[in-house]
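Please read all numbers here as calculations on a predicted model, not as lab measurements. First the proteins, then the strands, lettered A, B, ... as listed; each starts at 1.
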Amino acid sequence: MNTTHPRTSLTARSRRHLAALAVTGIVMTGALTACAEHDDHSGPDTTTSVTTDGSPSGTVSGLLSGADSPADGGGLTAPSTHGGHDGSSNGS
Amino acid sequence: MNATATWDDWSCRVRVTVTRPQALPAAKQHLVALMAEVALAADRFSPHSGLSRINDGAGRLVPVSRRTVELVDVALEAARRSDGTVDPTVGAHLVAAGYDRDIADLRDRHVTPTVVEGAPLPTWTAVQVDHTLLRVGVPTGMALDLGATAKAWTVDTAARTIARACGTAVLVEIGGDLAVSGDVTTPWQVTVAERPSSLGGRAAQRLGLVHGGLATSTTTARRWRTPAGDAHHVIDPRTGRPADGPWRTATVWAATALQANTASTAAIVLGDAAVDVLERQHVAARLVDHGGRVHTVGDWPSDAEAA
């Protein structure tokens with residue numbers, strides 16, 4: 001015979017659910033912290049940013065690590081004729 | 001379809017745009033966390049920040065966080081690379097000019113600047129950094145301000161981190177400093193303007209951004225009134241006073257937002273000499289003079305090309 005009160009069973013399930021959520025939160029926070037710590041000690045990074053608009057000269061590379069990166073040009077183009085707005089550089 | 005989150009912080013508009021919409025919540029979380037960390041290290045208006053403790057402890061070495069030391073190093077490197085034109089030891093002169101509180105509380109108010117008799121001119125080489133014990137010291141009478149380089153460093157770092165951690169191309173923007181990271185198939189669509197309110201105005205320009213960073217420095221946004229006329233926040237280290245050159249706004253593209261911000265700030269300070277210096281640095285720039293006329297440097301697309 002099942003002697004567990006339905007309310008007690010529900011409460012127990014809620015507690016397990018909350019515990020699972022707490023663990024998830026800790027894991028996520030840890031992941032965020034780990035990412036941040038990794039970046040604290042990360043050295044120069046090389047990333048290739050590629051954009052193609054059909055022209056052979058559309059492939060560029062840029063170093064994003066900091067002060068030692070050369071300004072290699074080619075970072076700006078005319079705006080798209082299709083519009084759109086992803087960001088702004090406004091004085092502040 | 002890109003996804004964007006915008007909000008206000010650091011008295012600025014903050015934006016993060018990602019090419020993978022599912023990554024937006026995590027991307028925003030990364031940026032919010034990083035900005036909180038940087039504020040704890042470098043907020044001049046928080047008495048508990050590492051920066052404030054350095055300034056309050058002028059004359060001795062003050063223990064601070066690793067992040068604070070890192071941001072001081074970034075600012076000193078910018079000073080070195082700009083031959084002192086962008087100097088973080090302008091803190092005391094900013095306060096003397098009237099910028100002694102958050103700009104939201106200062107803008108469009110009348111302030112009587114103080115005259116700091118005998119105060120040393122900004123001298124970045126006088127800053128001491130102990131990397132072993134994590135201590136920073138400035139001479140008595142001197143104060144640090146990391147507002148420019150810390151913001152640009154934050155967008156660069158956030159863009160790089162988010163792209164790697166969240167698996168998305170990303171654009172990060174904080175108050176005029178903008179950095180992108182990750183692979184894109186079409187350029188990011190961005191607008192350059194003197195102030196957010198002038199986005200649709202004559203001095204605004206739309207562009208495509210392939211990679212790197214953008215920064216806009218202007219004397220038109222952070223301004224306040226004094227008996228001698230309007231003052232602004234871009235201090236000329238050579239005089240200790242707000243810069244008084246021909247450019248009211250400078251936007252620079254460079255490989256990183258930090259490089260771009262250093263160059264845009266230097267352009268305001270250098271005035272007439274800015275064009276030659278920017279050309280030697282091989283950066284692209286857009287300068288606006290006090291009459292609203294636009295001058296471009298390097299590979300900056302003309303308004304005709306961008307139209």
Side-chain angles (χ1 to χ4, degrees), chain A residues 21 24-92, chain B residues 2 12 15 17 29-30 33-34 66 77 81 156-157 160-161 165 171 173 175-176 178 180-196 199 206-212 214-218 220-221 249 251 253-256 258-259 281-284 299-301 305-306:
Chain A
L21 284 176
T24 303
I26 292 169
V27 169
M28 288 178 65
T29 304
L32 188 66
T33 304
C35 279
E37 288 177 349
H38 175 69
D39 287 303
D40 279 353
H41 302 293
S42 61
D45 187 21
T46 301
T47 302
T48 299
S49 301
V50 177
T51 183
T52 58
D53 56 359
S55 74
S57 59
T59 303
V60 298
S61 64
L63 294 172
L64 298 175
S65 61
D68 291 330
S69 307
D72 58 358
L76 298 176
T77 68
S80 165
T81 55
H82 302 296
H85 179 69
D86 298 314
S88 308
S89 180
N90 309 316
S92 66
Chain B
N2 295 345
C12 298
R15 182 197 314 261
T17 301
Q29 188 179 19
H30 274 279
L34 182 61
R66 186 175 299 277
E77 179 63 12
R81 287 179 173 268
D156 282 332
T157 302
R160 188 170 66 242
T161 303
L171 178 151
E173 170 194 334
L178 185 157
V180 297
S181 185
D183 296 339
V184 291
T185 55
T186 57
W188 298 96
Q189 300 303 298
V190 299
T191 304
V192 167
E194 294 191 273
R195 296 184 67 173
L199 272 176
R206 289 184 59 240
L207 295 163
L209 177 62
V210 175
H211 69 109
L214 279 171
T216 296
S217 296
T218 184
T220 67
T249 299
T251 304
W253 176 90
T256 66
L258 180 60
Q259 291 178 48
Q281 293 178 351
H282 304 292
V283 297
D299 292 333
W300 190 278
E305 289 174 305

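In this structure A/S89 satisfies the side-chain hydrogen bond (donor to acceptor under 3.5 Å, both in side chains) test together with B/T216, sequence neighbours excluded. By the side-chain hydrogen bond (donor to acceptor under 3.5 Å, both in side chains) test, B/T249 pairs with B/E194, B/T218, sequence neighbours left out.
Taking each heavy atom of B/R206 and A/S80 in turn, the nearest pair found is NH2-O, 3.7 Å. Closest approach of B/L178 and A/G87 over heavy atoms only: CD1-C, 4.2 Å.
We find the CG-NE2 distance between B/N2 and A/H85 to be 11.5 Å, quoted to the nearest 0.5 Å. One distance of note links OG1 of B/T251 with CG of A/N90; it measures 8.5 Å at 0.5 Å rounding. Considering CG of A/D86 and OG1 of B/T186, their distance stands at 7.5 Å, rounded to 0.5 Å.
Side-chain contact check for A/L76 versus B/L209: some heavy-atom pair is nearer than 4.5 Å.
Heavy atoms of B/L171 lying under 4.5 Å from chain A belong exclusively to its side chain. Neither the backbone nor the side chain of B/S217 comes within less than 4.5 Å of any heavy atom of chain A.
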